[in-house]
Amino acid sequence: MLRLSTDDPQTPPKIEELNSSELAPRPKTVEQTGIQESVLLELMLKHLLAGGVLTKAEIVTNMGITGGIIQKLLDDAKQLAWVENRQSTPDGQMRYALSQGGDEYAKQASAKSGYRGLVPVPLAQYTEICCQQSSRRNSITLEMLQHGLKSLVLPNDLLHKIGPALNSSRPVLIYGPPGTGKSYLCRNLNLTLGDSVLIPYAISIGNEIIQVYDPQLHYRVDDDTSSMNQLDLVQGHDPRWIKCKRPLRITGGELTAEMLEVQFDSHSRTYMAPIQLKANNGILLLDDLGRQKISAKQLFNRWIIPMEERRDFLALQSGEHFEIPFELILLFSTNLNPNELVDDAFLRRLGYKIHFDALDEPLYRKIWFQVCEEQKLVCHEEEYRHLLNDYHQLFEKPLIPCYPRDLLGIMSDQISFMGLKREVTKSLIAEAWSIYFV
């Protein structure tokens with residue numbers, strides 16, 4: 001269930017992307033940001049505290065709102081005697097710095113919240129845009145799935161199970177023996193979706209701010225707005241939203257109950273978004289289900305409402321609760337027996353249960369010789385039949401998709417070490433088999 005396939009089905013029409021500028025137009029006034037002016041002022045003062053002396057253009061870049069709004073904030077801050085003008089730059093740009101009173105106020109604001117990034121978007125706007133960007137607004141077809149997964153070798157019946165599951169709003173459980181390609185497939189599913197979405201840098205819950213954008217998870221997509229003048233009031237989408245590929249968040253045995261909730265870092269005095277919030281509008285894969293620090297039963301109990309109603313409830317350190325969309329494709333992968341993980345009631349809520357198993361010989365052969373080509377190895381039919389008859393059949397080893405990559409990888413290492421001809425031989429098969437299998 002891996003490696004490049006020679007079949008290349010006709011490229012289907014691309015998913016029609018929403019217009020970013022219409023979805024999230026640039027705010028022109030303080031009111032249109034959806035954020036209280038007091039919060040904007042505090043954030044600007046914190047940027048000045050960190051930067052020392054900044055031009056208006058630098059403040060615009062740091063906060064992600066237009067120059068007109070920044071100018072109003074600067075004017076208000078100067079009236080409050082928090083900001084002072086400094087000597088202009090050689091090209092004539094005015095520079096700004098904190099006064100003594102502004103410095104004290106900025107330090108007080110930093111003691112309450114250490115967040116210093118782009119201006120957040122209000123929760124209501126995030127909810128609306130997140131729902132509009134749902135991956136389920138466009139149904140996935142067989143042609144789209146074949147094109148998105150054309151680099152994989154998959155049984156046709158598996159495609160006919162996976163496709164409808166992706167169109168469903170229900171979670172998907174993928175189970176089967178180790179090495180059958182469950183995780184590998186899940187890591188490639190967002191290639192089928194193919195489009196991009198807007199991810200907010202941060203969202204605000206009242207006066208509290210939670211950073212959502214994670215550069216290790218969210219991959220930016222370059223577009224025309226990235227090079228536009230941030231002082232412009234009209235062109236491009238709201239810079240507080242970052243255009244990214246649909247996220248794919250994978251977590252395995254390291255998953256804890258705390259990772260499902262908003263966390264407050266007392267050292268940096270900032271809120272950290274839970275994994276499901278970061279994965280919204282994308283795919284969340286919980287790999288190796290049953291091996292996490294949180295039990296499968298605890299996990300399902302926590303997500304009963306999100307899985308059924310596509311909305312989640314979170315809380316801040318203050319105890320304030322709020323609702324966010326649970327707008328993602330939720331995948332579970334395990335090589336354990338699902339009946340031993342949870343009871344029938346939980347399995348019923350999962351909706352789709354897709355079993356992965358060993359391949360038939362034609363598909364196994366296809367993977368074997370594709371990996372040979374990649375490894376620049378020559379393998380004759382006699383040696384391949386020798387592998388099937390004298391090893392797989394004799395030792396009753398099923399034709400698992402990961403075996404060609406692993407066995408041929410060991411042979412390639414042996415050839416490089418011994419300086420041998422890059423050809424699969426019976427002796428190399430015997431050596432690789434004895435090393436790989438206990």
Side-chain angles (χ1 to χ4, degrees), residues 24 26-89 91-122 125 199-215 220 225-226 228-233 236-242 264-265 267-273:
R26 290 190 176 209
K28 302 176 184 178
T29 64
V30 168
E31 292 73 22
Q32 289 177 2
T33 67
I35 305 298
Q36 294 181 10
E37 185 171 354
S38 60
V39 176
L40 297 177
L41 275 170
E42 287 187 356
L43 185 56
M44 184 180 72
L45 295 182
K46 286 190 285 186
H47 278 296
L48 284 168
L49 179 66
V53 180
L54 299 174
T55 64
K56 184 169 74 172
E58 289 171 332
I59 299 174
V60 166
T61 299
N62 290 339
M63 295 183 64
I65 50 179
T66 57
I69 301 175
I70 293 297
Q71 188 61 59
K72 183 181 188 312
L73 296 177
L74 286 169
D75 292 341
D76 292 346
K78 283 190 282 187
Q79 285 187 354
L80 293 166
W82 286 343
V83 171
E84 301 172 341
N85 292 349
R86 293 293 171 89
Q87 185 177 6
S88 300
T89 61
D91 60 356
Q93 293 189 62
M94 182 64 69
R95 299 160 75 236
Y96 302 91
L98 295 175
S99 65
Q100 183 177 350
D103 186 83
E104 292 176 1
Y105 190 85
K107 288 177 179 176
Q108 292 174 7
S110 297
K112 291 188 299 182
S113 168
Y115 177 80
R116 191 175 67 246
L118 299 180
V119 171
V121 302
Q125 184 190 26
I199 302 292
Y201 190 87
I203 60 174
S204 67
I205 315 297
N207 291 335
E208 303 292 351
I209 300 174
I210 303 173
Q211 182 169 331
V212 176
Y213 175 72
D214 182 346
R220 300 180 74 125
T225 62
S226 61
M228 286 180 180
N229 184 356
Q230 295 278 35
L231 298 174
D232 198 311
L233 295 177
H237 68 261
D238 187 342
R240 298 178 297 168
W241 293 84
I242 301 170
F264 183 76
D265 186 328
H267 177 70
S268 63
R269 300 178 303 284
T270 55
Y271 282 103
M272 296 173 286

statement: Sorted by chain and number, sequence neighbours left out, salt bridge (charged side-chain N to carboxylate O under 4.0 Å, His left out) with R86 holds for E84
message: Whether the side chain of K46 engages the backbone of Y115 through a donor-acceptor N/O pair (distance < 3.5 Å, no angle test) should be reported.
response: yes
Check: Q211 and T270 side chains under 4.5 Å, non-hydrogen atoms: no
query: When you measure from the side chain of T61 to the backbone N and O of A57, does any donor-acceptor pair fall under 3.5 Å?
result: yes
- prompt: CZ of R95: more than 12 outside heavy atoms within 6.0 angstrom?
  reply: yes
query: Does a donor on one side chain and an acceptor on the other come within less than 3.5 Å for N62 and E58?
result: no
Counterpart residues, salt bridge (charged side-chain N to carboxylate O under 4.0 Å, His left out), relative to E208 (two or more places apart): none
query: Donor-acceptor pair, R240 side chain versus I65 backbone, under 3.5 Å?
result: no
field: Non-hydrogen side-chain atoms of Q125 and W241 separated by less than 4.5 Å
entry: yes
- prompt: For the residue pair I69 and P27, what are the closest heavy atoms and their distance?
  reply: CD1-O, 3.6 Å
task: Kindly say whether P120 contributes a backbone atom to a donor-acceptor pair with the side chain of S204 at under 3.5 angstrom?
output: no
- prompt: Between L49 and D103, is any pair of side-chain heavy atoms under 4.5 Å apart?
  reply: yes
field: Side-chain heavy-atom pair N85, K78 within 4.5 angstrom cut-off
entry: yes
query: Out of curiosity, N207 CG to S38 OG, how far, rounded to the nearest 0.5 Å?
result: 5.5 Å
- prompt: Can you name the nearest heavy-atom pair linking L45 to Y105, along with the distance?
  reply: CD1-CD2, 3.4 Å
message: E37: which residues meet the side-chain contact (heavy atoms from CB on, under 4.5 Å) condition with it, sequence neighbours left out?
response: V30, L41, K72, L73, D76
message: Please give me the minimum heavy-atom distance between S99 and A81, naming the atom from each residue.
response: OG-O, 2.5 Å
message: When you compare the side chain of F264 with that of R269, does any pair of heavy atoms fall below 4.5 Å?
response: yes
field: Interatomic spacing from CG in D214 to OH in Y201 - rounded to 0.5 Å
entry: 10.0 Å
message: Is there a side-chain contact between I35 and P122 in this structure, where contact means two heavy atoms from C-beta onward sitting under 4.5 Å apart?
response: yes
query: Which atom pair, heavy atoms only, marks the closest approach of G64 to D238?
result: O-OD1, 4.1 Å
Candidates L118, T33, L43 - the one meeting side chain to side chain contact (heavy atoms under 4.5 Å, CB included) with M63: L43
query: Does any non-hydrogen side-chain atom of H47 lie less than 4.5 Å from one of I59?
result: no
- prompt: If every non-hydrogen atom of V212 is compared with every non-hydrogen atom of A273, which pair is closest and at what distance?
  reply: CA-CB, 4.4 Å
statement: In terms of heavy-atom contacts, Y213 and I199 come closest through CA-CG2, 4.4 Å
task: Nearest 0.5 Å please: distance from the CD atom of Q108 over to the CD atom of E42.
output: 9.5 Å
query: Would you say M44 and W82 make side-chain contact, with heavy atoms under 4.5 Å?
result: no
